[in-house]
Amino acid sequence: MTATLHTAPVTVPDTTDQRVVRRRLGPGHRIRFSFWFGPTLALAIWSIGSATGLIKPAILSAPWDVVVAFQDQWVNHDLLGNIVASLQRSLVGLTLGVVTGAVLAVISGLSRFGESLIDGPIQIKRSVPTLAIIPLFIAWFGIGEEMKVITIALISLVPIYIHTHNGLRGIDGKYAELAETIGINHGEFVRHVVLPGALPGFLLGMRFAVTSSLLGLVVVEHYNAVAGIGYMITLAEQYGQTDVIVVGLVIYGIFGYCADSAVRFTGRRVLAWRQTLEG
Amino acid sequence: MTATLHTAPVTVPDTTDQRVVRRRLGPGHRIRFSFWFGPTLALAIWSIGSATGLIKPAILSAPWDVVVAFQDQWVNHDLLGNIVASLQRSLVGLTLGVVTGAVLAVISGLSRFGESLIDGPIQIKRSVPTLAIIPLFIAWFGIGEEMKVITIALISLVPIYIHTHNGLRGIDGKYAELAETIGINHGEFVRHVVLPGALPGFLLGMRFAVTSSLLGLVVVEHYNAVAGIGYMITLAEQYGQTDVIVVGLVIYGIFGYCADSAVRFTGRRVLAWRQTLEG
Amino acid sequence: EAATRLELSAALPDKVPTGTTLRIGDPQIQAILGASGLDKELSDAGVTTEWANISGGPQSIQAFRADKLDCSSVADIPSLFAAWTGTSTKIVFQAVTQDPLDHPIYKLGVAPGVNVASPADLRGKRIAYSAGQAQGALVLRVLQKAGLSQKDVQLIELTSTGDSYVTALGTKAVDVAPIGAQNIKLYEAKYPGATSINTGIRDDASTLYCLTTAVEDADKAAALKAYVAIRTRALLWANDHPDEFAKAYYQDSQKLNEADAKAVVEINGDKGIPASWDNAIKRLQETADLLSTEQKHDKLDVTTLVDRRFEKVQADAAGDKVVTGDAS
Amino acid sequence: MATDARGLTTEPAVRVRNLHRSFNSDGGVLNGLDLDIAPGEFVALIGRSGTGKSTLLRALAGLDRDVAGHGRIQVPESVSVVFQDSRLLPWKRVLDNVVFGLRGAGAADRGRKALAEVGLAGRERAWPYQLSGGEQQRASLARSLVREPQLLLADEPFGALDALTRIRMHALLRRLCETHRPAVLLVTHDVDEAIVLADRVILLDAGVVDTDVRVELTNRSRSDAGFAELRSLLLDRLGVAADA
Amino acid sequence: MATDARGLTTEPAVRVRNLHRSFNSDGGVLNGLDLDIAPGEFVALIGRSGTGKSTLLRALAGLDRDVAGHGRIQVPESVSVVFQDSRLLPWKRVLDNVVFGLRGAGAADRGRKALAEVGLAGRERAWPYQLSGGEQQRASLARSLVREPQLLLADEPFGALDALTRIRMHALLRRLCETHRPAVLLVTHDVDEAIVLADRVILLDAGVVDTDVRVELTNRSRSDAGFAELRSLLLDRLGVAADA
Ligand SMILES: Nc1ncnc2c1ncn2[C@@H]1O[C@H](COP(=O)(O)OP(=O)(O)OP(=O)(O)O)[C@@H](O)[C@H]1O
Ligand SMILES: Nc1ncnc2c1ncn2[C@@H]1O[C@H](COP(=O)(O)OP(=O)(O)OP(=O)(O)O)[C@@H](O)[C@H]1O
Ligand SMILES: [Mg+2]
Ligand SMILES: [Mg+2]
């Protein structure tokens, strides 16, 4: 039997780092600035396509023409006002939709009876084109701001509901068991287990809800709007002003992309407890 | 010290079942026939509303009028043909979209480089209204069937991509670690870890893709279609045939609801390995 | 296939080379050709048609831009907007309604409980208005004729999609809105107390407009010449065979029931082929001028939008059935 | 029926009669198990892997609504469970996990104290995934102990602990038991541990209580003869030669 | 440098030099650890909960890319890991988990055999959640053993097993080691287990190898005097009185 008690550690600081190199199967680290890759690439393709004539201006205006149209809209047609009007609408609608959707999802997620009442109608609602429901909404809420906000709320409610419901139902049953033995009431269960557990799902829903609320503008601003990006696009479509349409689309693209990235960024923050392939 | 070796079990069969009753915090068991609750409820509200005059026929035709219109369309206007035409379109588009979306999601999910190329454009695409992109597609793919199918494919690609990507990134990192120590290659990793792990996400994506592919019909069948449910609705709108529009919506609703339920049912089957609140 | 280029001033060639294809969005004529057997004459003339179920401004302009369509049947507004947005087109066919004021395309629907008996009563009313659509131009013209300006009424921006105008009226979101004449009965039946008035102006412009590049293609120009002649005869055939027309188009293609189909044909009235395009061009110019002031577009000389070489093709094909004078 | 220290019959804290549980048709996991635990009694449960120890605990905790079977169970109001997996909520930091569901002002302080007692002072704000296996187990133990239940069901709470930490946890558990006197049912694979801690050791086999021995040793040291005797009895019933 | 049975110096299978790992700025988990393991050598690793045993194993397995630190590590080509959590893929049935990544025709048969050896015959088609804690651990062990690696890293593979099952697993592991002679680094909390199984026992403390003893007993029975001596030495280094 040999017992070697440990001797003092090596004194020369050797900071060689030679690790076991194992093929990484996950996606690895986030690339810095990768946020800019996609848009830059899209812009590059668009510019090159337009410059070489592969993309005809009749089909898609060149970026530089869009810049000119943008300036024109900004200076002469109150583009800022349009943007603000639209953002306001979609923000109010989104907030309404997100709150209602999340509440409905929790009710229907935690009670089979609630589910049987809530789930079917929502599934049916989402199978039916929004455009086709608008007449109903006009009848109920008029053609004013109310109808627009409610329509957007209903559009963004759907992804929030479905994702939160799905996320909630995907919570590992063992945490519910734990909560049962801890002796908490339904409210605490929702706050401490259901909401955090469904949060990844909810956030994914948010990504869809945000874009839906923006896209919904195109539909609702058909109706009795005098400002808004959707209105601008609608008008431009009727006149066939491709460059103005593209201005609208670019604004949509920018807002959508930024909002989406913001939700994903928030997600990475608030989901710090997860150890997943996202890393 | 007392050692009691066990004696023979009780002979009188006592099958009293008195368990510890603990408040259930999860949703509990699925209710049988709950599949029918939602639609039945919706139908009931609709019928009662129409019968009592709360829902004016001008706003929404009564169910019985819709049945008559349905019969008329079926007998005199080849409703079946319309349905088949539409289903074919959305099926082909859906298949294309699902396959491409899933492949892109896996590439971008597993490679940060791939992600930086693929993810941005898809996010931008989805921030932009489909209606506004159609002119581009018409330019590239004409006004025939090709354009329609590709548009639907692109519409349904988005939810598949996002959900699969999100599901993939949500896989617990410890399974990737395990896979790395097992010494498998990327292909096997995808097959055995990534795909099953991302399956819940993919299935949720499917639910959205299926409805999207149906809703996409409304948009694409505006353009140079001679059959299809979307076309039928467009026509009926022109002539103010409210009841025919509702026939179309009901068909959408039924297909959407059934497809959605089918995906969820499949989900419960193939996700038998999960122990979640879904139960 | 680099077809020979044909100057816009050159005479239209007669001979249609075999395999010449026209891509046309003209569903109504398509149905009539089938019902009347004129489609046979068209193919005998050497014209192959590739029908697109496209009609109306936005869709046809989109298809033109993508170069997926040669011609499309529209009213007058689309060719103006095509010009304003840089797509060069030519009108190759003009038709009118024989009694345009008795068979208007649009009427003004009036919301239940609102008192509008004539265009003069429009003052102070909320009127549905859609800047880029034919309905919008119509509203402006009605106001102009009633001696009112945009300031005298309240224009409510509302796109006419589906039955959105009917709904807006029925729910009293607007007081007045232009509604397709064929839908007026439905509207009045649907909403008790709803009424409608005639606009008192002509809205019967009906044209076939084509990509200028198609007209400049010698082969296509020849085919178009044949098509325009046969299209003329098709319209006249429809006048003589209202029931067959109703069946072929409104019933079979547009899926109306027999009664509704006949009613629509009746409401739309008979079409006429003008002996001269002068009046039509004059009205087009007026519309262009009105829109350019009210909606701030460039001034436009509409003679650049018509190809009058087809004027005679049409008149010849109609023979003694042409309409002249005020009717044209 | 259990008797208390003075030999009087008392109403048991836990009473199980004729308990049956089975997961599939081809055989039950529990086959008519009877068990009484007196208030304040510390029972250690041993048995082969897969004999149904966790199944029994889950039945007592009321977590097996969906498992087929029958029988009668009575347990006190307040039950606390240490699960075999440590089952920390991944989205709550360690301290929040420990005080999860606790009410009242002093909750955070009590949680902090409990964490310190299990040797996790300073780790209050760590996420569960940042703890080592043994640390997770201790956090989970702290969560149960801080609640002071009438019945503590602990499913191998010391399985991932080294000898020293284990001894400390034993001491902690014993101290808590002396103060609050909960009934305890502790699953363990370590026969020595069972003898050291428990008033009674029961061995589960074939779905029933195969052996039920009261530990009445004054000196609970391994070198004690009574200890060794009890140890060989239990190991023997487990199918192991005591010296292996 | 290790010496083989004949006292000759051999190239070690595992060589670790000056290994540092830390999860945050206020102190390292491993602080300049050196370790050699000869081919075919069975090393048991003991140490307090939270000293860095799993961290060391993960470093050897190459799973700590993102952990700060430095040092040099050499390991053989084929390494197999038994994780502290059993880490069965929840979406694969037990047999598929065991043969996951195995190639060749006989894979399923080998997997079935391995499952039988760990006492899970008949459970091939169960989902992981349907196994008891100990059964999961054994399935995970089967998955590692069926691979016949050159280096086996096992993180408390027997923690959830009862005495009898544990002895069976010991025998199984010993048998496999004799056949394929992998180098083994086995983490355990059970000092007796370490002595019974290993050629060498090392004790990790303060991020370095605190104690490194070769087990050269002819009779590995608890009653053996050498066994007891070694046991008290190790327990003493762990801070426990041997008789506790
Ligand atoms: N959900 C389940 N479905 C099917 N079988 C199950 C399920 N849960 C447990 N079993 C089986 O029931 C038996 C008893 O399981 P239990 O978890 O009670 O064992 P245990 O005594 O706790 O074992 P261990 O010491 O390994 O944790 C085992 O054979 C196990 O495979
Ligand atoms: N991801 C991490 N982030 C921060 N700290 C960590 C992380 N993983 C481990 N640690 C800490 O590093 C130390 C060593 O952990 P390790 O898992 O190696 O311990 P261990 O010796 O295996 O303990 P046990 O016997 O309890 O499993 C612990 O204090 C632990 O809290
Ligand atoms: Mg167990
Ligand atoms: Mg560890």
Side-chain angles (χ1 to χ4, degrees), chain D residues 23-24 26 29 46-55 83-86 118-120 122-123 126 130-138 155-156 158-170 187-192 196 203 220-224 234-235 238-244, chain E residues 23-24 26 29 46-55 83-86 118-120 122-123 126 130-138 155-156 158-170 187-192 196 203 220-224 234-235 238-244:
Chain D
F23 290 102
N24 44 41
D26 50 86
V29 170
I46 60 178
R48 300 251 185 92
S49 170
T51 38
K53 302 182 294 299
S54 300
T55 306
F83 288 92
Q84 193 167 7
D85 52 334
S86 45
V118 298
L120 288 176
R123 302 304 297 273
Q130 293 174 320
L131 298 186
S132 80
E135 288 167 345
Q136 289 178 13
Q137 207 169 37
R138 283 179 277 151
D155 203 344
E156 291 189 54
F158 311 124
L161 301 183
D162 61 292
L164 179 62
T165 316
R166 199 180 271 236
I167 287 171
R168 291 198 181 137
M169 293 304 109
H170 289 176
V187 176
T188 178
H189 281 311
D190 188 333
V191 173
D192 289 12
V196 165
L203 191 149
R220 298 208 179 183
S221 127
R222 261 158 241 233
S223 46
D224 182 78
L234 290 170
L235 284 175
L238 272 170
V240 187
D243 181 49
Chain E
F23 289 102
N24 45 41
D26 51 84
V29 170
I46 60 177
R48 300 251 185 91
S49 169
T51 39
K53 303 181 293 299
S54 300
T55 306
F83 289 91
Q84 194 166 3
D85 53 333
S86 47
V118 299
L120 289 174
R123 302 305 296 272
Q130 292 175 320
L131 297 187
S132 80
E135 287 167 346
Q136 289 178 15
Q137 208 170 36
R138 284 180 273 152
D155 203 345
E156 292 188 53
F158 311 124
L161 301 184
D162 62 290
L164 178 63
T165 316
R166 199 179 272 236
I167 289 171
R168 291 201 182 133
M169 292 305 110
H170 289 175
V187 176
T188 177
H189 280 311
D190 187 333
V191 173
D192 289 10
V196 166
L203 189 150
R220 300 207 177 185
S221 124
R222 260 158 240 231
S223 48
D224 182 76
L234 290 170
L235 284 176
L238 274 170
V240 186
D243 181 49

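Labels below follow one simple rule: chain letters A, B, ... track the order of the sequence lines, proteins then strands, and each chain is numbered from 1.
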Point to revise | Under 4.5 Å from any heavy atom of chain D - which part of E/Glu135 | key: both
Check your understanding: When heavy-atom pairs shorter than 4.5 Å are enumerated against chain D, which of E/Gln84, E/Glu156, E/Arg48, E/Arg166 gives the highest number?
Key -> E/Arg48
Exercise for review: Would you please name every residue forming a side chain to side chain donor-acceptor pair (under 3.5 Å) with D/Ser49, sequence neighbours left out?
Suggested key: E/Arg138
Point to revise | All side chain to side chain donor-acceptor pair (under 3.5 Å) counterparts of D/Arg168, not counting sequence neighbours | key: none
Point to revise | For the student: nearest non-hydrogen atoms of D/Val240 and E/Ile167, plus distance | key: CG1-CD1, 3.0 Å
Study note, to complete from the structure: Given D/Asp162, D/Asp85, D/Thr188, the one with more heavy-atom pairs under 4.5 angstrom with chain E than any other is D/Asp162
Exercise for review: Quick one: which of D/Ser54, D/Gly119, D/Gly133 has the most heavy-atom pairs under 4.5 Å with chain E, could you say?
Suggested key: D/Gly133
**Study point:** Partner chain D: residue of E/Gly239, E/Gly159, E/Gly134, E/Ala160 with the largest heavy-atom pair count (under 4.5 Å)
**Key:** E/Ala160
